[in-house]
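Just below is one structure, and these are the notes that go with it.
Source: prediction; values computed, not measured.
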Amino acid sequence: MNKMTKVETKECPYCSGKGYFQLILGGSETCECCNGTGKKS
C-alpha cells in the first residue's frame, strides 16, 4: 500500500502537464485544476 505524497513537480492529471485543454472546435481553454501551470496542486 502506497501513501499519497505531495510532489510539486508531478504533472496535472487532467491536462497532462500542458496547463490547458485543446478544444474540439478549435482554440484552447486554461485548465481549472492547475490554473494553467501544468503542475499538480
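Once rounded to the nearest 0.5 Å, the distance linking NZ of Lys18 with SG of Cys12 reads 11.0 Å.
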* Passes side chain to side chain contact (heavy atoms under 4.5 Å, CB included), Cys31 versus Phe21? Steps please. -> CA-CA 6 Å; Cys31 179; Phe21 290 107; 3.9 Å; yes
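Between the side chain of Gln22 and the main chain of Gly27, a donor-acceptor pair closer than 3.5 Å is present. Remark: side-chain polar atoms of Thr37 are paired, donor with acceptor, to backbone N or O of Lys39 under 3.5 angstrom.
Contact detail for Cys34 and Cys15: the closest heavy-atom pair is SG-SG, 3.8 Å. Of all heavy-atom pairs between Thr30 and Asn35, the closest is CG2-C, 3.8 Å.
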